[in-house]
Structures are given as structure tokens and as C-alpha cells.
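Working notes for the structure below.
Below, chains carry the letters A, B, ... as their sequence lines are ordered, and counting in each starts from 1.
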Amino acid sequence: MTTREAAVRSRRVTVSRSVVAESPWVRFAVRRSGRLLVSLWALLTAAFLMVHLVPGDPVRAALGAAAPNDLVEARRHTLGLDDPLWLQYAHYLRGLATGDLGTSMTSGLPVSQVIGDRLPATLELAGLAFVVAVLLAVPLGLGMAVLTRGGRRPRVELGFTTASVVVGAVPEFLVAVGLVLVLSVRLGWFPVAGSDGFASLVLPVAALATAPIAVLARIVRVEVLSVLDADFVRTARAKRLPARRIYLRHVLPNALTASITLGGLLLGALVAGTVLVENVFSWPGLGSTIVSSILSKDYPLVQAVVLVYGVAVLLVNLLVDVLLALLDPRSTIREA
Amino acid sequence: MATTRRARWTRALRTPVGLAASGFLAVVVLLVVLAPLVWGERAEVVDTGNLLQGSSAAHLFGTDSLGRDIGYRVLVATRLSVGMALLATVIGVGTGLLVGAAPVVLGRRTGRLVTGAVNVAVAFPALLLALFFATIFGVGARGAVLAVGLATAPSFARLTQTMVASVADRDFVSAARIAGVSRIRLLVRHVLPNIAEPLVVNATIGAGGALLAFSGLSFLGLGVQAPAYDWGRLLEEGLGRVYIHPEAAVAPAVALVVVGLAFNLVGETIAKGMSPRATVGRTAGAPHPPGPRTATGPRRLEPAGSTLLEVEDLHVAFPFAGGWATPVRGVSLAIRPGESVGMLGESGSGKSLTALAIARLLEAPASVRARRLTFQGTDLLTADPRTERELLGASFGMVFQDPMTSFNPTRPVGRQLAEVSQQHQGLTRGAAWARAVDRLREVRVPSAARRARQYPHEFSGGMLQRAMIGMGLMGAPALIVADEPTTALDTTVQREVLALLARIRAEEGLALLLISHDVTVVRDVCDRVLVMYAGRIVEELPTDRLGEARHPYTRALLDAVPDLETSRDRPLAVVPGRPVSPDALPAGCAFAARCPLATERCRTDDPVLADAGPGQRVACWQTGENLGLPAFPAATSRAATP
Amino acid sequence: MSELRFEGVSVTHGWGRRAVRAVESVDLVVPSGTVLGLVGESGSGKSTLARAAVGLLPLSAGRITLDGDPLVGRAGHASRRDLQMVFQDPYSSLDPRMTVGESVSEALRRGTVRGAQARRAEVARLLELVDLDPGRMDALPEELSGGQRQRVALARALAAQPRTVLADEITSALDVSVQARVLNLVRDLNRQLGLGMLFISHNLAVVRYVSDLVAVMYAGRIVEQGPAEQVFGFPRHPYTRTLLDAVPGRGELADAVPVVALSEPVDPHDPPTGCRFHPSCPVGPLLRPERTECLTRDPLEVVWQREHRAACHFSAPAVPASQEGLHR
């Protein structure tokens, strides 16, 4: 092929693509939703396979060893478990598409109804905890970075690092237990458990947000410190801009792009952390549901709750990517 | 080097974190080994007379529903809790390592597939994955170990992948591939050793995480089942009666936190021990940094009135290994209005630090001292921050080496110019913007109004360096300091930027301090050149008389660099040895060890900068005796003696 | 005898829509025992070409041969060792965890040196060859300076007994006082061992000093090639002339209004039509509107014929007849 032919051909191809190629945002949306779909498919399939990977017969396991064989067979038939795997998979996907998540083995209620009852409480908890964590951690991290830049105030740095390591290492349920012990049992300020008004929210949210605050503040500090080393901050100082402007206009936006990625991971972990915290506080959310359903081997319900958590995590990741694309003009949207 | 590595570890262990880590670790290991042997039986003793008791002399943390002592049970549970955590970590790290390193061994396509799968898996939090696997493997200790192990695998796979990719990109791996080294050997010999340390650190911290994850599962009733018990299970039992006897929950909770923390501290210590940066710590009680000599220093050249910038006996020092390293020691220079001065030197000669010190851009821990530092008649050493900011902001411009990193990537270029005028000339946002566009036009950025709205990554390097020069012109500068302004640019563009600098200087009548390692660049643009070596100015002379340079180092620099007229048949002159490090300066002349003319005096007495002709100053003891001789015989190369 | 030959070599980065032709239809010969200097600015495809030659990047078209044997291909693994490469960054080209001796020894050809003693002796010989004290064999790279590391990298390349060596910007990360020693070494290796080399650099003076032949690359293509003294003395392609004019220390600095947009590099995703240099060309259609041919026709289509070749419709004449004798 001569060069000219190649040029002509490439031009022709470009024309047909130009609509898509025109806006980097279109390309970003196409690529990102492609990734979302693949992840979603992986999640659906994993949740489907989960039930089939359980050693032994899930129905037998759920009904107990003493259950008569014909009852087990009948239940297997109503659940469609005697169909070939691909057919079950097809039924499963069709069910999902129509919002049918199956029936809970223990309560006999539609799974979608159970989820609908429980999801809002969990969302409330996780969302509030995340907002609290970000609002506290970002200023804390920035302040610490400013105070300890260039090896200043080594004692403050040591104190902060130690405290953030310690606090960040304590899992949510331990924080929860500690808070209950001190603030509820000893001081009686907040209710020990349950979901009843604002007061009952305080402890679960605090328990969920504590570790992320420590981790995020630490990350923000490290990011700010590394941005402070960047050439463009030196340029800003060479322009003799006031410190406030340098920090807010030049340092923070650049430090945040890196922190958001980790913030997204934290939010994902926070969603999962609700499982433990809800169990401590008997919070009527999905977290207590999944544990009880795993214990009672209520597989349709487990499957559905895993799906809901998974989708929540995927949405968080999507949100992070969109935020990053908006904040950073070099744009993840342009490259690869 | 083995010795420095050992020193690094010793130092890391001696920090408070290191001491705490090793202390904790010793206690945990002892408990794991001994506790079941010593207290194993006592923890199983059923005391029906003391069911669900609180703290007492006999039972410090009370008893459980069968009257067993909770304190002993917590101690004995160390082995199971820690053991399972370690087992799960081994599973997680092992799986992660296999999956993460697979792309190196597998081909390009399969590798991408594996990477993609890991990217999907890593998005899900470990606890969620653990619940997922726990459902599959069933409730119980074995299921929980597998679940926690596999749940941590994706993040380790991702970590391994990232690190492997960064190592595999490096040239030594390419070189080994070209030399015919097999993929497996490449992985084992080159890649894994270079990622081992961070991996160990993360595995240690990961073990702490596994411990807590485990307790989480046991706490939920999904982990260890009776009659076996670990901390999570004890905690769950204790929490049930937290109202009546909180100490039953406190004991296992404290154990969990303390041991989880111990893993973290050990990880931190390993990280400190392997990171070379950590060794350059703060120097408590270090002696004062070197400063100007009071009695006999290099004297001033010009009367203060006619100079724009005057620097006398400038020292820059950094704390280093208990003392101070002094990369700039006693630099004196004066720049007249409208003059163009070049500062020539190799990397590490202190030329950039000198510029930053003059621009007052060095912050703690750097120490800047000088006998005199005035700009436009104002003493910068004593000026209050406000005066300094107003003076330098308005009449002092800086151009840095790499324009691509010297602009804020998240703001439009025009705004970054405009904020100078908003700050220092009090212009409104709109007026400042108009001036920014005008300045971009002045430095010949095509379609300036449009480009002002663009972000730095949309500019080419040359265009961005033009914009940087334009930024220096936002005020009414009297001096522009340009630190290697063309080094990061392509040769064809270099020339354009130099020409721009020269024109701006001529038109605006401003002075220029051009810092470069390249003689030819300085020769093109400057009237006068200062040659720096090891933090000193060793020679100063007019650019058009560079051929008459007297300092052996200046001559070496001129002879060692080929130009388009260099004879191809003769080897280039060679400077033996390597530049001295600013923390290990010799007593005498810093160049003596590399100098073919050095005598005993050179090794003991440091030469001072002395007049050596019209407009010329040299710091060398040998210039008088060896005038006109080529400083460097080319015979150091083997080719000349076949 | 070892002749490295590139025939119609193209290298493409990326897939599908975002594919970029980093190197396009390159024909180049490095004759036996000759140093060919390859110059061009960053992004012109110099390093890509070298990396493709040693098999680090796949070719999308053409072939690379050493003495007529194709180098790149599945069966070409053994003969690929005949071609070795030295990289730009001395701080990343040696494994920080291997001693100098281990790095060099690893590259020795299997079967040529047997036994630990003999290997050490061979490594010592190689280190001496590059002017390094063999006593430093057990040193780690962190104990060496940049120039010393670069010489170790050369020794490692020589350990494979290559017939030709690719040197990719091997002096550009070095300080000027150290660079001379590496350049002298390159010259000696060529003159004393008869080693052929493809010497890549953006520094024209350095290339002129070590090279017998010179090729100039622009936007992925070779735009001019010929004997060094002819290309430097009588450049025919306007881009080569621009490069030579840009060498510091040559003549007045004139900040003319940039009629030609040199500051704007070619966008590899959307290269200009016709001659790729036309938007920047000082004798091209922007300044001489009648030269429309440059906009539409690719000069590479014109067959190469002469010893000193330039891919330009309006190239300057080759060495003037009156001066021919001077430069032969």
C-alpha cells in the first residue's frame, strides 16, 4: 500500500468516525459506560455463580438435613434449580431486567420488597458518614500539610501521623463498641441501638466515619505536601501571590484530584462497613439483612443484597471518574 | 551498600515507632507461642458458680456464660486470631502476586485480559468480597480464612501489577530482554527483587487488616464457630452484655486494636528501613549553618549606586546527616540595569540554588545567609515580607527550566498570567485578563486571545516557555532570572526562545541573569559570564573573551564540548574524576582533585576570586604561572596512545 | 561484516482510532563498521526506530535485517543478540540490586564462556575495554557516577558480542565534563574494534563528532541522509538547514515574527498532508504560495537515488561540483 493510499484510507475512516471522535466528552462517556457494563456483567454473573458454587445443595442446606426428599425436589423445581445452568442464567437475567429478584426463602416475601424496605436506612447512614468524613478530613489534612511542610513542627507531624495510623487501624465495629460503651452506657447521651430520630444516627455515623477521616486526612496531607513540591507552586511563589491564594487556587485543586481516587475507594469501603456497624446498632438496613440471610442460607436474598452493594460500589466509582474528569483538564478523558 | 542499609535499619528501629513496633512484635510472638501452653487449660475451666460475672480478683475481666475466665481466653485466642490472619494474608499475597505478575510472563493479549479482570475485582471493598466468599465456602474458620484471603487478593494483585509495570518499563529490564534473558528469569532476577520491599511492607500492613477483617466475620457469627474461639467471637459474646459488664467486651477489643496496630507499626518501620529518604532526618542541635565570613571576604566590584542587584558572600546550606551541607558558599555578584549576565556550571554547582536564594524562594529547612543582598537599593535580608512581596512581585521575573511542570495544570494559562496583575497592580479581573492577552501577544504567542483560555497541556513546550516569559512581563520587571530556560526544549525551539529573551531584554531595557550548563547558550545571549564550580564562582569574564579563560575548569568546559568546528580526528579533552559533593568539601580548592595543574597549595588553601585582567576575575593559584597553556592535555584518552 | 538495514519500516503506537504512526516507511542502512548518526527533535521517532530494531516494539510494516538475516520475527530471537542497545538514562538502565559484574555477566552469550572464573575474567576484560577499573566489579550502580554507569551499560552491550550497537541519546543525561569521555569511548570502539553503530542524539555537534553518516528524522520519516560532512556542510533539506541554524553559537539571534510555526510540533494523530514539514518550512508553501505541490504530494514518494538524499521537492542541490573534491 502506498503512502497516498494509506492517507486516503485513513481520511475516509476519520470521516465516518468524526461524530464520535469530535468531543472528548462523548468518547469519555462511551468508554466509561462500556467499562461500567463489563463490570456490571461480571458482578451479575458472580452473584449468579455464587449460589451455584455453594458446596452441596443450597435447597437442602436451607431446608435442613431432616427435610423430606420430595419437599426438597419440589422446592428445587419451583426455584428452577433443576433446569440446565444456561437456562437458569437466562431466567436470572430476565428476572433482573424486570425487577424480579426472586423470593426470600425464609420470609416468603419478594426479595425486591425486602430490599426496598431496607436500602434507604443504609443509604442514609453511608451517605451521611461520607459527607461528614470529607468535610472534616480535607481541611484537617490541608491544615496539617501547611503546618508541617518542609519538615516543620516535627512533633506535630509525629503526633498526627501516629494518631491517624492508630485511628485508621481501628475497624468500624470496634469504634462502634467503644462509642456505645462510653457515650451510651456510661454517659447515656445517645441510644444504644435502633433507628429513631437524629440522636440514634450520631453514633453509627461517628463509628463509620472515624477511620475514613483518619485515612483521608493522612492522604490529603501527603498529597498536599507532594503538590507543594511541584514546580508550579514555586512559580506561584515567584509571582509573590499571598499564601491563601496559593493554597486554595494552586495547591488544593491539584491535591484533590489524587485524593478523590482514594476517596472513592474509601466510600466503597464505607458502604461495606455499614454491614458491621448496622449489626452493632441493630440498624434496620441491608447490613443486618445480609448477615442474617447468610446465616439462614436464604440464598436469593444474599444474592440480591450482594448485587445491591456491588452496584452501589460501581456507581461510586463512576461518580469518582466523572468528578476527576471535571476537575482535571488534562483529563483522564483524553488519554488511553 | 550493605553498611548504609544496615545503618538505615538501625536508625529506623531506634525511632519511637520502631521501638514500639519491635516491642509489640515480641509480645505477640511470645503470646502466640506460649499462651495456649500456659493458660490453655485454665481458659477451658467451667465454673458454674461464677456464670457471667463481672471483674473480680479471681477473674480480672469476668467470666462468660459457662463461667470461663475471659482474660485467659483472650490471651489464648491470640494464637488462633493471629494465625488465621497470617494464613489469610499468605493466601491473599500469594494469589495476588501470581495474578499480578502474570502479565509479565504471559503475552501481551492475555496479560491485558488479566489486568482488566483485576481492575474490575479491585473496585469492590474487601469486606464485601469476604462476605461473598464466606457465602460460597460456608460459615466457619476454614471458610473465613479462604474468604478473607481471597478478598484481599485483588488489591495485592493490583499493587503487584502497578509495581511490576513500573519496574518492567525501566531500561535495565529492556536491556536484559535485548541480551536474551528469558521472561521467567527476567521476573525472578530483575522484577521481583525490585518490588519485594514495598510488597513486604504492604503485606505486613495487610496482615493487620486481615486480623481485623477476621474479627469482623467472627463478630458477625460468620467466622470461628464454638467451641473454638478467637477475639472476634469473644467480642461478640461480650457485646451482648455490654450494659452490665463492659469489661468482657473491652478485653478482646483492646487485644484486637493493639495487635492490629502492632502490624501497622511493623509495616511503618519496614517502610522507614527501606526508604533512603527517611535517613535524611531533621538535625536536632546541629551547629549553625555556614555563613559569610566577616573579616576577609571577596570584595565588592561596583559601587552600590549603579547596581540593580548586589549579592555579597551568599551562603546556602541544608541540614544533612547531623551537620550542614553547603551547596552555595560565598557567591558575590553584581548586576547593572540592562545588563545580561550568564551563570555557567554543571549540575550540582549551586547555580540554581543561587538564583532561588536571590529570588527569596528558598524556605526552611534551607538556610540562606549573606553579607549583603540588595535589589533596587532595598535590602532584601532585612525587608519586611510585605515590602519584599511588593518589590519582587512588581520588578523581578523568573523563568524556570521545565515550562510543562511550571504551570498549574488545572488553571487556564491566561488566568495564571492575569493573577500577577490582579495581585500587584490592583487591576480588576477583566483588566488583568486583557493585559495577559496583550503580554502573550508581546511574546508572540499566535492567536493570543484564544490561547489564553487554554490549559497548559494544550500548549507545546516552546509556546509555554513563551507564556512563562510573558508572565515575567506582567509587571514592569527590571530583572529577569532565567534558570536553564531552554534545556527542556527542542533545539529549533531553543533558539526561538533565546532570541525572544534577547529581544525583550533589548526592548524593555531590563537586566537578565541567564543560568545554563551550555557555554554556547550563554555566549549567544550574555555580555558577561560567571563560572560556578562546587558552590563558588571560580571565574568571571566578558563573554567575548571566553577564549582567554584562565581557570582550568573553565578551559576544560570549553574544550570538552564538541561544536560544529571540532576536529573529528582528535579525541576530546577529558576532565577526570567527578564533581565534589557539597557535604564532603575538601579543605583547599574544590577542583584540585580533578585539576592537572594542582599543587600542594591548591589542596590546602582555598583560592579567592582575584582580579586577573579587564573585567576578569579568577579563583585559582596557578593562573599566573600557566597563562596561555591548554589546561587539559588530551592524552588522558586511550586513543591518543595506540 | 555486519550491515544493519531498515527496509520500509513503520511502527504504529496504539490501536484502532488512536493509532499513531511513530515511524513511517524508513529506509536506512548502517554499513559495517560505520557510525550512523540519527538526529531529530523529541517525538520525531528516533528512539521508536531503535526500540523496534531490538524487538522492544513490534513493526507494523517493513523489515529490519542484519547481514540479510531478518532480525524481527519469531525465529529471530538468537540473532537479535547481534544487535545491542544502550539507553539514555544511566540511572534506570542498570538494575539497582545487581552488582556491575552481575549485570555485565548476565549479558554474556551462553556457551561462549564457561565457569565462574572465566566469566569474571571476561567481565574484567569488558570493563577495561570501557575504561573502567575491573576492581569495581562488585560495586552496586548507586556507587557509580552517571558517566561510569553509562560505560557499564556499554560494557554490558559489548558482552553479547554484538555486530552493531544502538546508542540512544547516551550522553544527553550526562554533565558536559563527563560526556567527552563517553564520546571518546564511542569513537575508540568504532575505530579500534570496527563496531558499527546507530548513534541517536538531538545534539548535532555530538553527532557530527562521532558519525560517518548522518540521517535526519522529522515526524517519523527520514528526510535527509548522507555522508556526515555533506549533510552538515551542504544540507539539502530545509528542515536540516533549520536544525543547523538552530545550533547555539552560530550567528545573530533574530527574533523575527515566526512566520513558520516551529514552536508547534506536528500532531502525530493528525499529521499534515503532503510534506509533513510544510507548515514549518522556511521555503515552503506558507512563504512561497506557488509551491502547492508540498501541500498535496508526499516527497517520500520520490524514489531515493543519490548517496546524499533529501525528501524535499525543492531540496538544495547536492555538493556543488566545484567543492566535491574537498569533501571526499
Side-chain angles (χ1 to χ4, degrees), chain B residues 1 170-181 189-190 193-194 346-348 444 446 460 462-463 466 490-496 498-500 502-504 517-521 523-525 556-557 559-564 566 568 571-575 578-579 594 636-639 642, chain C residues 41-42 54-56 77 80-81 84-85 87-89 92-97 103 106-107 131 140 142-143 145 147 153 156 159-160 175-181 183-184 187-188 191-192 202 204-206 208-209 232 242-243 245-250 253-255 257-258 261-265:
Chain B
M1 275 171 281
R170 299 184 58 188
D171 290 340
F172 66 82
V173 175
S174 299
R177 274 175 68 187
I178 297 168
V181 174
R189 197 76 178 82
H190 290 282
N194 279 295
E346 296 181 87
S347 56
R444 308 222 159 109
S460 67
M463 272 307 151
R466 282 176 182 272
D490 270 322
T491 36
T492 45
V493 184
Q494 272 184 22
R495 189 112 176 127
E496 290 183 1
L498 287 179
L500 172 69
R503 174 178 67 85
I504 296 285
H517 69 283
D518 191 339
V519 186
T520 47
V521 165
R523 202 191 325 235
D524 267 358
V525 181
L557 273 188
D559 292 345
V561 183
D563 58 28
L564 289 179
T566 307
R568 285 169 34 88
L572 297 168
V574 164
V575 192
R578 54 202 281 190
R594 307 173 76 185
T636 27
S637 169
R638 295 179 309 119
Chain C
E41 44 198 88
S42 59
V54 290
L56 292 175
H77 201 75
R80 198 182 282 165
R81 305 187 87 187
Q84 289 295 315
M85 180 158 169
F87 296 88
Q88 168 171 7
D89 180 3
S92 111
S93 66
L94 295 179
D95 189 332
R97 271 154 216 282
S103 280
E106 186 181 58
D131 251 355
L140 284 172
E142 66 186 16
E143 299 166 50
S145 70
R156 178 181 54 194
D175 259 323
V176 284
S177 73
V178 179
Q179 153 181 300
R181 199 153 176 187
L183 289 179
N184 284 342
R187 247 174 50 111
D188 292 349
R191 300 202 176 176
Q192 293 172 6
H202 69 280
L204 291 186
V206 164
R208 179 190 158 277
Y209 181 72
F232 282 104
T242 313
L243 269 185
D245 288 342
V247 172
R250 284 165 63 94
L253 282 174
D255 183 31
V257 179
L262 266 183
S263 309
E264 294 301 298

So which heavy atom on [X] is nearest to which on [Y], and how close?
X: Ser347(B); Y: Asp175(C); value: OG-OD2, 2.6 Å
X: Met85(C); Y: Ile178(B); value: CB-CD1, 3.7 Å
X: Phe87(C); Y: Ser174(B); value: CZ-CB, 3.5 Å

Practice item. Would you mind telling me which of Ala107(C), Ser42(C), Ala160(C) has the largest number of heavy-atom pairs within less than 4.5 Å of chain B? Key: Ser42(C)

Study note, to complete from the structure: Greatest number of non-hydrogen atom pairs under 4.5 angstrom with chain B, of Gln88(C), Glu106(C), Arg156(C), falls to Glu106(C)

Review point. With a 4.5 Å heavy-atom cut-off, do Asp245(C) and Arg495(B) have their side chains touching?
Key: no

Point to revise | Any Pro562(B) side-chain heavy atom under 4.5 Å of Arg208(C) side chain | key: no

Revision key, fill the gap. Of the listed Arg568(B), His517(B), His190(B), Gln494(B), the one with the largest count of heavy-atom pairs under 4.5 Å with chain C is Arg568(B)

**Study point:** Partner set under side chain to side chain contact (heavy atoms under 4.5 Å, CB included) for Arg170(B), not counting sequence neighbours
**Key:** Phe172(B), Ser92(C)

Revision key, fill the gap. Sorted by chain and residue number, the side chain to side chain contact (heavy atoms under 4.5 Å, CB included) partners of Ala180(C) (sequence neighbours excluded) come out as Ala560(B), Leu572(B), Val574(B)

Point to revise | Short side-chain to backbone donor-acceptor contact, Asn194(B) and Arg97(C), under 3.5 Å | key: no

Review point. Between the side chain of Arg177(B) and the main-chain N/O of Leu56(C), is any donor-acceptor distance below 3.5 Å?
Key: no

Practice item. Please state whether the side chain, the backbone, both or neither of Leu183(C) comes within less than 4.5 Å of a heavy atom of chain B. Key: side chain

Check your understanding: Roughly how far apart are Arg189(B) CZ and Ser103(C) OG, rounded to 0.5 Å?
Key -> 8.5 Å

